[in-house]
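Here is the structure we will look at.
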Amino acid sequence: MKSFTYERVTSLQQAVNGAADNPGARFIAGGTNLLDLMKLEIEAPQHLIDVNGLALDKITATEDGGLRIGAMVRNTDLAAVPLVRRDYAVLSKALLAGASGQLRNKATTAGNLLQRTRCPYFYDTHQPCNKRRPGAGCPAIGGASRQHAIIGISDACIASHPSDMAVAMRVLGAKVETLNADGQVRTIDIADLYSAPGDTPHIENILGAAELITAVTLPKPVGGKHIYYKVRDRASYAFALVSVAAIVLPDQTGQLALGGVAYKPWRSEEDEAYLPDGAKAVAAHLLADANPTTQNAFKIKLAERTIGLALSSASS
Ligand code: SF4
């Protein structure tokens with residue numbers, strides 16, 4: 001690991017100022033992904049800003065009947081809140097499907113959203129990787145790509161986003177609140193948070209360098225049956241090949257997002273109109289532009305069947 005300086009901040013302004021004053025600085029909270037990346041020297045920030053001392057660990061009701069989740073709320077705590085389990089059950093289920101108990105105890109809401117891909121080539125520094133070193137190439141294309149994305153990909157990168165929580169946040173219509181060093185507060189729809197790989201797969205989201213996520217807000221609950229199904233190569237501690245987060249209402253309309261298939265949770269509000277027509281119709285529209293490799297083409301059928309399982313369990 002390369003040497004770096006470290007500061008533990010006690011105010012939001014101190015945190016964003018520290019980032020603005022130290023180009024290349026990184027915020028650290030749970031560190032469950034960042035520390036691994038630093039040990040491998042995939043990330044080598046010269047300055048770490050520890051935000052664990054900020055009072056961002058509260059969950060409160062919003063004026064419009066929704067929920068405001070502080071950026072530092074740990075995954076374990078968020079999944080266990082009775083209100084979340086009752087009104088936003090898809091979120092609780094997705095959280096519990098992710099990582100391990102120990103990791104969920106440390107991992108935070110904001111960190112979960114910003115975790116980086118688990119593409120094995122990205123973590124193998126002996127391999128080229130456009131995300132790690134722009135212009136180096138992408139060995140996953142034509143290589144081992146079973147876990148990779150099938151839609152929203154580019155010729156430069158086919159990595160998928162690993163978060164379960166983000167898929168549930170997307171189906172719930174979450175918004176991300178941020179603060180930058182100029183004191184500006186920004187609210188970003190989670191649909192707009194992640195950047196498509198294009199020619200710049202190293203740029204993964206629209207956040208500025210000194211912009212700190214302070215909270216995630218959820219709208220008023222919509223009721224319905226909440227489902228999160230995750231299909232993976234082993235029963236626990238594995239990332240999704242395909243996951244489905246769904247909220248299904250009694251008339252079979254609802255909201256649905258896929259995980260494991262793209263650089264971000266994949267949802268199309270327009271295509272949700274096909275939910276009453278069944279899984280085949282929804283999947284055909286949602287994945288109409290899929291361009292899988294020979295190794296991960298199975299994800300198209302797997303997505304359709306997992307959506308089907310979600311819809312049938314909602315009506316049972
Ligand atoms: Fe790197 Fe993306 Fe290719 Fe993986 S898929 S090797 S992260 S460029």
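Position 1 is the first residue of the sequence, and the numbers go up from there. All ligand and atom numbering here is 1-based and tracks the order in the structure.
L179 and I69 fall into different hydrophobic clusters, defined by Ile, Leu, Val, Met, Phe, Trp and Tyr side-chain heavy atoms under 4.5 Å apart, directly or through other members.
Below 4.0 Å from some heavy atom of Y121 lie the following atoms of ligand 1, by number and element: 6 (S). For ligand 1, the atoms sitting less than 4.0 Å from at least one non-hydrogen atom of C129 are 1 (Fe), 6 (S), 7 (S), 8 (S), numbered in the order shown with element in parentheses. Near I158, meaning under 4.0 Å from any of its heavy atoms, are these atoms of ligand 1: 5 (S).
A donor-acceptor contact closer than 3.5 angstrom is absent between the side chains of T109 and N112.
Of all protein heavy atoms, the one closest to atom 4 (Fe) of ligand 1 is C119 SG, 2.3 Å.
In this structure, H161 has its ring center at least 6.0 angstrom away from the ring center of Y263.
A salt bridge links D233 to R146: one of the charged nitrogens lies within less than 4.0 Å of a carboxylate oxygen.
Using modelled atom types, no side-chain atom of K230 and backbone atom of D164 make a donor-acceptor pair closer than 3.5 Å.
At a threshold of 2.8 Å, atom 2 (Fe) of ligand 1 has a backbone or side-chain N, O or S atom of C157 nearer than that distance.
Contacts between C138 and ligand 1 below 4.0 angstrom, taking non-hydrogen atoms only, involve backbone and side chain alike.
The side chain to side chain contact (heavy atoms under 4.5 Å, CB included) test with K131 singles out one residue from T117, I42, I203, and that residue is T117.
For atom 8 (S) of ligand 1, the choice among P201, P139, A159, A156 with the nearest heavy atom turns out to be A156.
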